[in-house]
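Heads up, the thing below is written out as structure tokens.
Throughout, protein chains are lettered first and strands after them, A, B, ... in sequence-line order, and every chain is numbered starting at 1.
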Amino acid sequence: MATENLIDCLNPQQREALLHTEGPLLILAGAGSGKTRVITHKYAYLTQKKKLKPSNLFTVTFTNKAAEEMKHRICSLTSSELKECWIGTFHAQCNRILRKEIKVLGYKPEFVIYDEGDQQSLIRHILRELNIYEALYKGVASRISNLKASMITPERFISSGDGYGFDEKLAKVYMRYQDELKRCNALDFDDLIMLTVKVFEEFPEILERYQERFQYILVDEFQDTNYAQYMLVKLLASGHKNISVVGDDDQSIYRFRGAEVRNIQRFEKDFPELRIVKLEQNYRSTQNILDVSGSVISANPVRKKKSLWTDKGKGEKVHFYWLPTEDDEAKYIAKLIRDIYLKGKHSFGDIAILYRINLQSRAIEEALRRERIPYRIVGGISFYERKEIKDIISYLRLVVNPHDNVSLRRIINTPSRGIGAATLNKIEQESKRKGISLFDAIISICNGKSSTQSVVDRLKGLVDLLREFSALKKESTPEIITHIIEKTGYAEGLSEERLQNIAELMASSEGSSVKDFLDRVSLVTRLDENLPDNMVSLMTLHTAKGLEFPIVFIVGLEEGLMPYFKAFDSEEELCEERRLLYVGMTRAKEMLFLSGARKRRIFSKLQEQEPSRFLADVPRSCCRWIEKAFCRHEKVEKATGNGKKPVSIKIPYKTGCRVRHPKWGVGVVRDCYGEGDDMKVCVNFPGVGIKRLALKFANLERI
DNA sequence: CGAATTGAGTTTTTT
DNA sequence: ACTCAATTCG
């Protein structure tokens with residue numbers, strides 16, 4: 001695209017954001033205000049007009065998917081290939097840097113990346129060793145993760161002990177953990193960021209090189225950066241100060257994993273010459289949706305004021321349904337979706353159902369299935385978290401690095417090869433005594449005299465196996481996997497589904513070396529799923545970030561779920577829950593349906609629920625407020641703020657009931673939808689076919 | 001050492 | 001309600 005066009009198709013604020021190319025810039029981009037457009041156009045502008053090479057631009061996004069999409073859009077804007085570009089998540093970018101630079105910290109450049117599961121199992125192991133209550137491992141893991149996200153190294157943490165002993169213990173675990181990672185030549189997710197910053201801080205000459213290379217820094221979703229990530233971009237930008245960050249404090253929903261909205265204030269303070277541009281025109285939603293979401297979010301006390309507007313007009317009212325039980329809620333949604341579909345203006349792919357926690361999807365799935373509505377869960381359990389996948393990956397890691405203790409522990413007896421707890425214990429002891437890796441400890445035991453022949457044989461078998469795999473390093477990855485599975489007998493007794501997963505893993509490993517494959521696998525935690533085609537999308541509110549749908553349902557708007565009860569005693573977290581709802585609401589382009597249930601099963605208990613407190617802030621004038629009473633056949637619409645008269649909605653013809661039509665005779669009702677005078681019935685008349693009739697004129701007779 | 005039974009904890013969100 | 005893990009039994 002020619003440069004003029006890059007600029008012309010932007011509104012004045014977007015244009016300002018694009019043209020400000022010297023010095024720091026903060027773009028406060030409200031939901032749906034076209035921020036991706038600004039970033040991609042700016043990228044194109046910088047490369048075309050300012051003659052920067054893609055390798056001079058450092059761009060970070062929140063997810064891999066966002067990175068891919070951004071690359072794609074830039075390519076089509078500039079109609080050229082993007083080679084040597086630096087567009088990716090913080091983790092992917094840091095990985096790339098560390099592969100080149102980590103030697104200075106004493107790691108080898110072939111380090112592996114441990115995911116959360118690996119991290120937890122290592123911490124668990126350390127707790128057991130240090131005789132600390134093992135069940136704490138999750139909490140400890142998340143504390144350590146937070147420390148790393150705040151750039152607090154073990155050494156620094158020790159010096160700030162609370163004097164009660166607990167922190168001292170934590171510090172001990174932290175130290176051990178970090179030590180053990182290094183021995184295994186492994187980094188966890190947080191290390192990727194923390195260690196990159198460490199390299200930059202301790203080796204200014206390296207930092208300088210990168211500062212020179214990256215002449216412009218672009219950061220997306222800035223409100224969700226943690227302190228370490230902030231430090232990273234700050235360091236990179238501190239020379240030329242050419243940095244644009246895009247964010248929306250109202251959409252900050254990752255505090256629980258260390259994101260700090262404060263980074264926006266930090267940014268203002270650290271770069272005093274900062275220019276701020278607000279993008280307030282919304283290109284996504286109707287005015288009603290903006291009014292409702294806007295009034296919900298404005299109840300948050302601390303936020304940058306924004307007033308989003310649109311020229312799309314009022315649109316449909318936002319609906320709220322209050323139903324007796326979660327099953328009723330699910331059924332009602334399924335029914336509504338059917339109605340919408342039958343009206344013919346929308347396909348299933350236009351619809352998303354959002355919820356707070358994964359477990360809520362169950363009831364909805366059931367109802368959708370019953371109504372034969374195709375759906376797909378987006379972002380459920382990660383592909384790479386499945387047991388069989390993690391096992392294979394552990395084998396692959398050992399191919400690259402046999403001293404990877406976490407991976408070795410994982411597969412030492414999988415599939416079972418007669419190495420049980422007793423033997424493992426012995427190996428651990430040996431490794432500790434000699435200060436060597438588990439792998440070397442096994443070899444040492446084999447050479448020693450202290451064990452029975454049968455134990456030694458089994459251990460030798462494992463060592464030979466691993467050595468054999470290691471020798472295959474140069475083969476193609478699928479071949480190596482095949483070999484592993486054959487030689488270990490891993491596939492024996494595995495369910496069809498699991499085998500299928502392994503086959504999928506092999507297919508996706510086609511064409512990359514083991515190292516590259518492991519890299520990709522650990523950073524792209526889920527196969528970049530495209531949104532399902534012509535299916536209703538089900539996902540959590542978090543997952544919905546960055547997406548948009550013509551029609552959005554948000555379910556379970558009840559106290560305890562939304563806001564989630566764990567947030568009850570923290571003002572900050574309640575604000576975050578509110579933002580989460582806001583993010584969900586602003587995904588909707590045309591229609592937004594909210595709902596809740598009076599009774600819900602949670603952890604096998606039937607609970608009385610109250611409507612979410614957030615609903616109190618919804619202006620009734622934008623809404624249709626419907627409470628379905630206990631009696632099944634009676635729905636009462638409460639008076640709305642602007643004095644609408646209560647309307648009772650009846651469904652006179654249930655699906656499956658028989659009716660007589662003056663012309664077509666007897667038929668079976670397939671569906672019944674719409675309300676008031678617009679009520680439509682869908683009837684199948686044998687020998688005539690399916691007819692859609694306006695109830696008002698059809699003269700149907702119930703029989 | 002492995003299988004089976006019991007028991008506990010679990011369910012917020014993710015790179 | 002359900003899954004995962006530890007413990008116990010064979």
Does A:D190 reach a base, just sugar-phosphate, or nothing at all? Heavy atoms under 4.0 Å. nothing

In sequence, state the C-alpha distance, the side-chain angles, and the governing distance for A:E180 and A:Q178, and then conclude on side-chain hydrogen bond (donor to acceptor under 3.5 Å, both in side chains). CA-CA 5 Å; A:E180 193 60 26; A:Q178 209 56 9; over 6 Å; no

Classify the nucleic acid contact of A:F90 as base, sugar-phosphate or nothing, counting any heavy atom under 4.0 Å across all strands shown. nothing

Rounded to whole Å, please give me the gap between NZ in A:K148 and P in B:dT15. 18 Å

Salt-bridge contact A:D328-A:R598 (side-chain N to carboxylate O under 4.0 Å): no

Spacing between A:R417 atom CZ and B:dG2 atom C1', to the nearest angstrom: 15 Å

Let me know the distance between CZ of A:F62 and P of B:dT14, rounded to the nearest Å. 9 Å

Of the candidate nucleotides B:dT14, B:dT15, B:dT11, which contains the atom at the shortest distance from the side chain of A:K138? B:dT11

Between A:E366 (CD) and C:dA1 (C1'), how many Å, whole number? 13 Å

Output the rounded distance in Å from OH (A:Y137) to C1' (C:dA5). 9 Å

Of all the choices, B:dT11, B:dT14, B:dT15, which nucleotide is nearest to the side chain of A:T540 once you look at every atom? B:dT14

If you compare every side-chain N and O of A:T543 against the phosphate oxygens of B:dT14 (OP1, OP2), does one of them come in below 4.0 Å? yes

Closest-nucleotide mapping onto DNA chain B: is A:A92 or A:L424 further toward the 5' terminus? I mean the 5' end. A:L424

Quick one: A:R579 CZ to B:dT13 C1', roughly how many Å, whole number? 13 Å

Of the candidate nucleotides B:dC1, B:dT11, B:dG2, which contains the atom at the shortest distance from the side chain of A:A422? B:dC1

Please report the distance, rounded to the nearest Å, between CZ in A:R124 and P in B:dG9. 12 Å

Step through it carefully: locate the ring centre of A:H125, locate the ring centre of A:Y137, and say whether they are under 6.0 Å apart. no

Among B:dC1, B:dT13, B:dT15, the nucleotide that comes nearest once only the side chain of A:R458 is considered: B:dC1

Is A:F256 stacked on the base of B:dT13, meaning ring centres closer than 5.5 Å and planes within 30 degrees of each other? yes

Any donor-acceptor N/O pair, A:T543 side chain to A:M539 backbone, under 3.5 Å: no

Using OP1 and OP2 only, check whether a side-chain N or O of A:N64 sits under 4.0 Å from B:dT14. no

Proximity to the side chain of A:K566 - top-ranked nucleotide from B:dT15, B:dT11, B:dG2: B:dT11

Which part of the nucleic acid, if any, lies within contact of A:R255, taking any heavy atom under 4.0 Å across all strands shown: a base, the sugar-phosphate backbone alone, or nothing? nothing

A:I357 atom CD1 is separated from B:dT14 atom P, nearest whole Å, by 12 Å

Using a strict threshold of under 4.0 Å (side-chain N to carboxylate O), is an ion pair present between A:D248 and A:K35? no

Between A:N405 and A:Y114, the two heavy atoms sitting closest are N-OH, 4.3 Å

Between A:T63 and A:T423, name the one whose nearest nucleotide on DNA chain B is closer to the 5' end. A:T423

